[in-house]
Amino acid sequence: MSYMYDEIYLAVDNIEKEFTYNHEQLLSMRKLFQHEIEKSNRNELSSLKNDRFYLPPPSGSEKGLVASLDLGGTDVRAFLIELNGNGSFRWIKRANNSLRTKDKDHDYVSEQSSTEKLFDFQAQTLATLTEDYPIVGLPMGYVFSYPVQQDGLDKAVLIRWVKEINTPGVEGEDVVGLLKQALIRNSLAEQIIPRVIMNDTIGTFMASAYIYADTRIGSVIGTGYNSAYAEANWKGTGERQIVNLECGNFDKIVVNRYDECLDAQSSYPGQQKLEKMVSGYYLGELFRLALVDLMTIDKVHTKDHNGVLFEPYSIDTRELSIIIADQSQDLTEIKQWGLVRLEMNLEFNERRAIKRLAETIARRSACLIAMTYAAILNYIDPKGKGKHVIAINGSLYKKMPGYKEWLRESLFGLLDKKWDGLKIEFLQEGPAIGAAVAACMVE
Ligand code: GLC
């Protein structure tokens, strides 16, 4: 592709505008988000949920040997953990398996897979823990990060898949029951006992509360996006509860034509609107859509590249990280990326344009998530006087260059007061630790 310098900058400027909110727009979405929390907590129709967890926050003194299993958007992970009280713990063993491989060697989350295959795969990942380790009756916490109807500590019916997962037969079923059947099929039922199921945001909350008593929000910014918070008067009952908002489904939000296009072509149009604008599964695709647009503005000939850009979901969010991380004067990494991925020799002004585009899309994600935190904090502490820890887990937050800074800056910009007592903590493996803590509490 070959652009005049001005032309490409004008084009990027225009796309950038579509991906940028001004302060007033963010403030107004913050208010709408808070309103949705309030409505949901009053049992009124809302795009947010208000699912309580069935345990209080831990005391920090929990002790014992426990397992946890984390079914995320891309992997299934099993852990054997020793909790030692005083907010401390030790990893004993861990296993990690991808749910789908790029070469399609296996794929447990497509329409071609089956419930049995998906749950056997989880059981087999757990089996790794029991190799060379004599285990009987080990309590386990199960992290299941999809919208569920939870009716107790160890019963949760999947309402619908999200994050483009399509394994048939699971929606409408109790996933703990499905896991228990898989444990029986794999001769593990006596060794590992699922005790408690929870969302990954609840897991992150529990892990953080095990270490920091002032935890108020548990959040995951990874393949998907969601947050849980400490509610002081759950559904007007006067009870304190940790509540999962399923806030990826927030829909009172200003979208642009790329968001609309992505949503229309997704597996579940109209659902998880916020998630589709902010989370790791989708940012690469938003970038691809914007880049195709940028290239067609100059009527770039498709023969100039290998067609990768015309394949939906061909660009991974990790590639955005590589592009954003390139600080070299000549933008060498981006040049290399163009050669390898697009088979294009990108000119310098094109490389700069691509970097700006990637940054704009990633920064918008951080600003929108900050908006949700500001709404939750403003709701639980309108005076902003308390001490609050926001615990965050997730690959996007951890790995995207600049993300933490954008999020923090945007969050403080959206809070009207000083919030001296506010801390943000990243919790590596938060969901798995939280599930272990919860399993220990139940035991
Ligand atoms: C999706 C799921 C939600 C989960 C989040 C982060 O939004 O619906 O349950 O917490 O992804 O993994």
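Quick note: residue numbers are just sequence positions, from 1. Whatever order the structure lists ligands and atoms in, that order sets their numbers, starting from 1.
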Which residues satisfy the salt bridge (Lys or Arg N to Asp or Glu O under 4.0 Å) test with K276, sequence neighbours excluded?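 So K276 forms a salt bridge (Lys or Arg N to Asp or Glu O under 4.0 Å) with D263.
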Which residues pass the salt bridge (Lys or Arg N to Asp or Glu O under 4.0 Å) test with K252, not counting sequence neighbours? E36
Taking non-hydrogen atoms within less than 4.0 Å of ligand 1, which protein residues qualify? S145, Y146, P147, V162, K163, N199, D200, T201, V220, G224, Y225, N226, E246, Q272, E275
ring-ring contact (aromatic ring centres under 6.0 Å, His included) partners for Y403, two or more places apart: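 Y403 satisfies ring-ring contact (aromatic ring centres under 6.0 Å, His included) with no residue once adjacent residues are dropped.
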If the threshold is 4.0 Å, N to carboxylate O, is there a salt bridge linking D70 and R94? no
Do K163 and Y146 have side chains that get closer than 4.5 Å, going by heavy atoms?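 Of all side-chain heavy-atom pairs linking Y146 with K163, at least one is under 4.5 Å.
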Using the side chain to side chain donor-acceptor pair (under 3.5 Å) rule, take N199 and T201 through it: C-alpha gap first, then chi angles, then the decisive distance, then the call. CA-CA 5 Å; N199 186 258; T201 58; 2.6 Å; yes
